[in-house]
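Accompanying notes for the structure given below.
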Amino acid sequence: MLASRVFSLVGRRSISTSLCLRAHGHAGVVKAEDYTLPAYVDRRDVPLPEVAFVRDLSAQQRALKEKEKASWSALSVDEKVELYRIKFNETYAEMNKGTNEWKTVLGGVLFFLGLTGLVLIWQKHFMYGPVPHTFSDEWVSAQTKRMLDMRVNPVQGITAQWDFDKNEWKK
Amino acid sequence: MANHSQLNFQDASSPIMEELMGFHDHALMVALAICSLVLYLLTTTLTGKLSSNTVDAQVIELVWTILPAMVLVMLALPSLRILYMMDEINEPDLTLKAIGHQWYWSYEYTDLKDLTFDSYMIPTTDLPMGHFRLLEVDHRVVVPVNSTIRVIVTADDVLHSWAVPTLGVKTDAVPGRLNQTSFLTPRPGVFYGQCSEICGANHSFMPIVVESTPLPNFEGWSTSMSS
């Protein structure tokens with residue numbers, strides 16, 4: 001009873017796997033379902049992909065491949081292009097061709113920057129209170145004088161920028 | 001203390017901080033070199049000037065394993081040197097205890113007499129003209145100049161951290177634990193720091209102020225404080 005159940009499970013698994021295998025590979029184009037297998041890739045910095053673009057050749061393409069084994073000067077331009085298209089998906093020109101995506105990206109970035117700006121303006125107007133009184137010019141100058149009197153950061157910092165003889169900032 | 005919008009370190013007020021600043025310069029140069037290399041490789045890849053059709057690359061794999069290992073050694077050696085330097089036996093002239101509470105520090109100078117006091121931040125509303133907002137305290141930690149000071153840091157309730165950047169000191173205050181740090185100030189001055197471990201609502205409002213002054217002044221202060 002158990003053995004027959006196991007067998008039916010295994011049988012169902014093998015049928016579904018073979019169905020998957022039969023479903024793919026019809027277009028003659030490599031599809032990398034399994035990323036551990038060699039795959040085709042269009043990349044400028046990987047000029048020689050691991051497999052050819054077209055895996056399953058039609059009869060016509062197979063004949064052309066046979067012709068390729070002879071002298072290449074016998075091939076017409078169209079045949080050479082066809083051989084290229086068997087090996088590769090895009091040409092370098094097609095790969096390098098730009099899109100208009102940058103306009104969308106830039107537009108989106110500027111839009112959200114603007115939105116953030118509006119949020120900040122709203123916050124400043126409706127939400128935040130006044131800054132502390134220690135930010136007033138009078139306080140900041142008294143504070144700076146106190147920092148110089150205390151010799152804060154005298155090596156390369158603020159006190160090092162002050163000329164104590166002439167009572168002014170160093171030029 | 002730092003200037004407004006200051007990005008770099010404050011000037012060092014202790015020898016350890018000088019060492020740390022030197023190491024930081026060194027580490028930053030290493031980082032700059034690595035970032036430049038990465039930026040260069042990235043640029044060459046994206047402009048199509050760098051491509052690869054290699055499948056088996058033993059030599060370059062060896063190179064880019066050995067080279068980073070050497071970089072790490074170049075970073076580790078100066079770092080460990082300073083780490084051990086911080087823990088050298090230095091026979092401190094004065095030991096004081098810094099105890100963190102919510103939300104103030106208390107200090108105990110118990111070497112010769114029982115001097116204990118609390119150090120609360122001066123609220124902004126009570127600040128005298130020209131004083132530093134959120135940094136001033138009512139009782140400063142006074143230490144004699146050019147003397148090795150040992151600080152034992154602990155806490156009474158939750159985690160705090162006793163930090164004074166210009167002295168190169170940051171020591172966590174852990175309840176039930178005594179952590180030791182030491183510093184030496186070659187020049188007199190007033191050095192500011194802030195609690196550096198989140199400890200509740202007023203974590204930003206329990207600063208530390210160390211005042212380094214010649215020994216006679218320190219003794220006068222100590223006498224007036226204990227009376």
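Every chain is numbered from 1, with letters handed out A, B, ... down the list of sequences.
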Open item on the list: What part of A:Pro132 gets within 4.5 angstrom of chain B, counting heavy atoms only: side chain, backbone, both, or neither?
Closed with: side chain
Open item on the list: Closer than 3.5 angstrom, by distance alone: can the side chain of B:Asp11 be matched with the main-chain N or O of A:Gly157 as a donor-acceptor pair?
Closed with: yes
Open item on the list: Around atom NZ of A:Lys145, are there more than 12 heavy atoms from other residues, nucleotides or ligands closer than 6.0 Å?
Closed with: no
Task: CD (A:Gln60) with more than 12 external heavy atoms under 6.0 Å - done: no
Task: Distance (rounded to the nearest 0.5 Å) between B:Met21 CE and A:Gln156 CD - done: 6.5 Å
Task: Flag if over 12 foreign heavy atoms under 6.0 Å of NZ, A:Lys170 - done: yes
Open item on the list: Does any backbone or side-chain atom of A:Val155 lie under 4.5 Å from a heavy atom of chain B? Answer side chain, backbone, both or neither.
Closed with: both
Task: Any donor-acceptor pair under 3.5 Å from A:His133 side chain to B:Thr125 backbone - done: no
Open item on the list: Is it the case that atom NZ in A:Lys65 sees more than 12 heavy atoms from other parts of the structure closer than 6.0 Å?
Closed with: yes
Open item on the list: Heavy-atom cut-off 4.5 Å, strictly under: side chain, backbone, both or neither for B:Phe191 against chain A?
Closed with: neither
Task: Residues, nucleotides or ligands: over 12 heavy atoms within 6.0 Å of A:Glu168 CD - done: yes
TODO: Mark yes when over 12 heavy atoms from residues, nucleotides or ligands other than B:Lys170 sit less than 6.0 Å from its NZ; otherwise mark no.
DONE: no
Task: Proximal component of A:Pro154, with respect to chain B [non-hydrogen, under 4.5 Å] - done: both
- [ ] Select, from A:Val140, A:Val46, A:Asn96, A:Thr134, the one with the greatest count of heavy-atom pairs under 4.5 Å involving chain B.
- [x] A:Thr134
Open item on the list: On a heavy-atom basis, which atom in B:Gly130 and which in A:Arg146 lie closest, and how many Å separate them?
Closed with: O-CD, 3.6 Å
Task: Donor-acceptor under 3.5 Å (A:Asn153 side chain, B:Gln10 main chain) - done: no
Open item on the list: Counting only heavy atoms from other residues, nucleotides and ligands, does the tally under 6.0 Å from CG of A:Asp137 exceed 12?
Closed with: no
Open item on the list: Less than 4.5 Å apart, side chain to side chain, heavy atoms only: is that true for B:Arg133 and A:Gln143?
Closed with: no
Task: A:Trp169 atom CH2, neighbour heavy-atom count above 12 within 6.0 Å - done: yes
- [ ] Specify which of B:Pro188, B:Gly189, B:Pro128 makes the most heavy-atom pairs with chain A at under 4.5 Å.
- [x] B:Pro128
Task: Interatomic distance, B:Thr45 atom OG1 to A:Arg44 atom CZ [nearest 0.5 angstrom] - done: 9.5 Å
